[in-house]
Amino acid sequence: MPAATPAVSFDPALGLAVLRTPNSVYAVRIGADGSPRHLHWGPVLDAAALTTPRSPADSSFEDEAAADELAPQSGARFGPAGLQVRFADGTVGAQWHFLGPRIDGGELRLRLADRRYPLAAELCYRVRPDSDVIERWTELTHTGDDAPVTVHRLDSASWTLPPLADYRISHLVGGWNSEFQLHRDRLPVAETTLTSRRGLTGHHAGPWLALDDGTAEEEHGQVWSTALAWSGSWRITVHRDPVGRTTWTGGFGHEGLSWRLAPGETLRTPVFAGLYSAAGFGGASRAWHAHVRTRVLPEPERDRPVLYNSWEATGFAVDEAGQRRLAKLAAGLGVELFVLDDGWFGARTSDRAGLGDWTPRAQAFPDGLRPLVDEVHRLGMDFGLWVEPEMVNSDSDLYRAHPDWVLHAPTRDATELRNQLVLDLSLPEVETWVHRTLDTLVTGNGVDWLKWDANRPFTEAARPGAPDPDRVWIDHVRAVHRIMDRLRADHPGLRIEACAGGGARVDLGVLARTDQAWTSDNTDPVDRISIQHGFSQLLPAQAMAAWVTDSPNVTTGRTTPLRFRFHVAMAGALGLGGDLTHWTAEELAEAAELVARYKEIRPLVQRGVQHRLTAGGGVTAVHYATPDGTEHAVLAWRPTTRFGHPAAPLRLPALDGRARYRDLDTGEEYDGALLRHRGIDLRLPPGDHASRLLRLRRTDRLTNSTTGS
Ligand code: DGJ
């Protein structure tokens with residue numbers, strides 16, 4: 001038997017590094033100038049046969065050699081730089097000497113040293129045998145013992161595409177209540193910058209993008225996509241130049257920041273992961289979902305619980321008696337986790353005071369939280385608690401005691417947003433205090449779940465007089481990650497939900513230490529369909545918290561049936577957030593039935609393979625299947641009806657055309673080819689806000705089956 005081709009190889013004669021994944025090849029060639037140059041990222045081929053990039057001498061105006069793997073600011077490079085440094089004598093940029101590769105299993109490091117200055121870099125790559133995702137990051141080291149080096153930009157990776165006639169860019173934009181809106185536009189011949197300057201990942205944009213040649217669709221076409229694992233400010237610049245070169249470079253921090261690299265210090269960037277897929281946007285999403293589930297999320301095999309959260313029901317008006325009432329009703333519906341939201345502590349009866357004072361408000365919880373926690377546990381549910389540990393109201397005991405703990409510049413006005421300031425977690429004493437406070441809350445109250453919120457971006461972040469004032473943009477985020485990691489390590493049963501005024505901090509960095517993310521404060525099911533569609537481009541349903549709330553919806557005023565609200569929320573990690581004390585007995589009974597139904601399909605939704613579908617007549621749907629193709633759940637929605645036209649049959653292309661399927665609710669039997677090619681009549685009722693949950697089971701016993709024909 002021929003030996004398996006190694007996932008990572010380096011040919012010293014050609015200066016060629018090759019990374020192989022099951023369906024793609026990535027190749028780099030060390031240029032004559034010592035800089036690693038991009039050669040190929042795409043379908044499987046023999047990289048050694050690729051022609052050497054043109055030499056710089058071909059053009060007298062600029063360096064037309066292949067794009068750099070991480071473009072340093074030096075020589076005749078005029079595109080966006082991925083590495084910008086300034087040495088003590090004022091010299092800028094790096095000129096590399098290639099020291100050689102280091103290969104360890106699926107990991108490759110291209111080791112570089114500046115030819116004149118004490119600076120070394122390692123361009124790092126990691127591949128795994130079961131995934132097409134390539135993880136990349138950079139490590140920059142000051143190898144001298146003298147003056148610091150100033151780092152103006154240190155990207156995780158630069159990515160380059162083959163020269164095709166055209167490209168489209170897909171990315172996510174939005175705002176509070178409108179996160180994860182998918183935009184797909186022609187990529188301009190220009191520099192396009194996606195960025196957050198907020199210290200948070202951001203509602204307004206996300207560090208994920210996909211490029212395709214303009215013809216990709218949900219189930220076919222070449223798609224190159226990347227995602228940055230960072231929960232603070234970031235920047236990705238895509239550059240399409242007039243001669244057809246398409247590259248992008250990205251990493252932490254936004255423009256205008258600089259960091260001090262001290263002698264002996266190494267700055268390691270977050271991972272910027274990339275994926276090539278020839279199976280369209282749907283295929284790319286499925287590959288990302290598998291990566292996030294197996295390599296990012298903690299405990300992916302553990303079901304995310306059906307939760308109840310009191311925020312929309314009570315706002316700040318929380319007290320023990322009211323929470324007990326809600327908990328009892330929630331338990332009766334089959335809820336597994338009861339989360340007490342904002343308003344339980346300090347002087348927090350509105351968003352104007354108390355943030356930072358993490359002791360239960362005596363008027364609301366005279367005996368502390370323990371009696372409520374015990375009651376929730378007695379009802380058979382876990383107990384979750386809302387915290388916003390990075391923030392403080394100026395009207396709080398914490399701020400009065402430690403006004404110097406917040407991000408501030410003494411000669412500038414302090415910007416308050418939602419009446420709050422940001423604690424500077426880059427200060428070790430603040431990190432220690434936050435960790436200790438949370439640890440005490442968890443230990444002292446039997447808390448099983450933290451909802452970790454962050455309701456404002458950074459302002460006045462560069463501390464005047466600090467030796468490395470912009471370092472807070474990195475160090476604050478690292479402190480947040482570190483505290484989460486420590487809490488999880490010390491409390492193995494503890495779960496954490498990421499939240500930032502809705503979905504303003506959802507990224508692969510925070511999801512590596514949280515179980516799920518609060519997707520948006522907008523719980524209107526019609527709006528949620530597009531929010532969830534955007535979320536699903538990169539992230540699996542398991543990580544997407546989705547609540548059923550009251551109707552009319554508090555954000556949009558829209559009235560929708562309970563079943564429709566459930567069917568939309570059941571496409572993620574289901575939660576309830578309405579004022580259950582106002583639900584009728586019929587509504588409570590229907591909710592209990594739908595929660596039970598969700599639990600039946602939960603393994604499919606949370607651990608299955610997801611396919612996004614559309615049918616004529618305004619129907620969209622999500623199809624979840626077990627990896628072996630035996631069990632299927634389809635959630636289909638038609639928000640509005642037009643002209644009374646019936647919905648077109650919903651085609652289910654992920655089914656096996658040679659198999660047979662039974663509708664588990666009606667008992668009807670279907671031929672797989674019919675469902676694949678002609679579709680199923682969803683029998684949606686007339687009118688707006690129609691929806692259907694369809695459950696199918698494969699009934700035949702084909703061996704060696706493949707999806708086909
Ligand atoms: C913003 C979150 O997104 C909401 O769910 C809620 O927790 C509020 N903050 C509380 O202030």
Side-chain angles (χ1 to χ4, degrees), residues 174-180 198 200-204 231 307-319 322-323 326 330 337-358 360-361 364 383-393 395-396 416-423 438 441 447 449-457 495-507 510 514-524 527-528 531-532 535 543-550 553-556 569 572-579:
W176 179 58
N177 279 335
S178 59
E179 296 89 335
F180 304 108
R198 301 168 192 235
L200 295 170
T201 323
H203 292 108
H204 66 291
S231 314
L307 69 79
Y308 176 81
N309 179 297
S310 60
W311 174 245
E312 279 202 27
T314 62
F316 292 99
V318 294
D319 62 18
Q323 294 294 307
L326 288 166
L337 165 73
F338 182 85
V339 183
L340 169 60
D341 209 278
D342 200 350
W344 59 268
F345 51 90
R348 186 78 167 171
T349 50
S350 74
D351 63 17
R352 285 186 292 280
L355 200 54
D357 301 338
W358 300 107
R361 194 153 51 82
F383 180 81
L385 189 64
W386 179 94
V387 288
E388 195 179 3
E390 299 152 78
M391 305 286 168
V392 63
N393 282 123
D395 183 0
S396 68
E416 292 204 9
L417 294 166
R418 210 193 189 208
N419 307 303
Q420 66 196 55
L421 298 159
V422 184
L423 291 173
L438 294 175
L441 273 177
V447 171
W449 175 282
L450 288 174
K451 177 180 175 187
W452 183 311
D453 204 348
N455 279 292
R456 60 153 291 173
R495 305 282 167 268
I496 304 178
E497 177 173 24
C499 174
R505 189 157 61 189
V506 182
D507 56 81
V510 82
T514 54
D515 298 75
Q516 62 191 47
W518 179 226
T519 315
S520 174
D521 279 349
N522 186 342
T523 56
D524 176 301
D527 287 347
R528 270 294 179 122
I531 290 171
Q532 295 181 177
F535 189 101
M544 184 179 74
W547 302 348
V548 175
T549 57
D550 293 335
N553 183 268
V554 69
T555 301
T556 63
L574 177 68
L576 282 82
D579 186 351

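Numbering of ligands and ligand atoms starts at 1, following listing order. Fair warning: this is a prediction, and the values are worked out from it, not measured in the lab.
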side-chain hydrogen bond (donor to acceptor under 3.5 Å, both in side chains) partner of T523, the single match among N177, T549, T555: T549

side-chain contact (heavy atoms from CB on, under 4.5 Å), that's the test. Do V318 and R361 meet it? Break it down for me. CA-CA 10 Å; V318 294; R361 194 153 51 82; 4.1 Å; yes

Give me the one residue out of N522, N455, D521 that meets side-chain hydrogen bond (donor to acceptor under 3.5 Å, both in side chains) with W176. D521

Got a salt bridge between D342 and R348, using NZ or NE/NH1/NH2 to carboxylate O under 4.0 Å? yes

Test your reading of the model: is there a side-chain donor-acceptor pair from R505 to the backbone of A498, 3.5 Å cut-off? no

Parallel, tilted or perpendicular: which describes the rings of W386 and F345, with under 30° parallel and over 60° perpendicular? parallel

Can you give me a line-by-line list of nitrogen or oxygen pairs between ligand 1 and the protein shorter than 3.5 Å?
unit_1   : atom_1 : unit_2 : atom_2 : d
ligand 1 : 3 (O)  : G502   : N      : 2.8
ligand 1 : 3 (O)  : W518   : NE1    : 3.4
ligand 1 : 3 (O)  : D521   : OD1    : 2.4
ligand 1 : 3 (O)  : D521   : OD2    : 3.2
ligand 1 : 5 (O)  : K451   : NZ     : 2.7
ligand 1 : 5 (O)  : W518   : NE1    : 3.4
ligand 1 : 5 (O)  : D521   : OD1    : 3.4
ligand 1 : 7 (O)  : D341   : OD1    : 2.7
ligand 1 : 7 (O)  : D341   : OD2    : 3.2
ligand 1 : 7 (O)  : W386   : NE1    : 3.0
ligand 1 : 7 (O)  : K451   : NZ     : 3.0
ligand 1 : 7 (O)  : D453   : OD2    : 3.4
ligand 1 : 9 (N)  : D453   : OD2    : 2.7
ligand 1 : 9 (N)  : N455   : OD1    : 3.4
ligand 1 : 9 (N)  : N455   : ND2    : 3.4
ligand 1 : 11 (O) : D342   : OD2    : 2.6
ligand 1 : 11 (O) : R418   : NH1    : 2.9
ligand 1 : 11 (O) : R418   : NH2    : 3.0

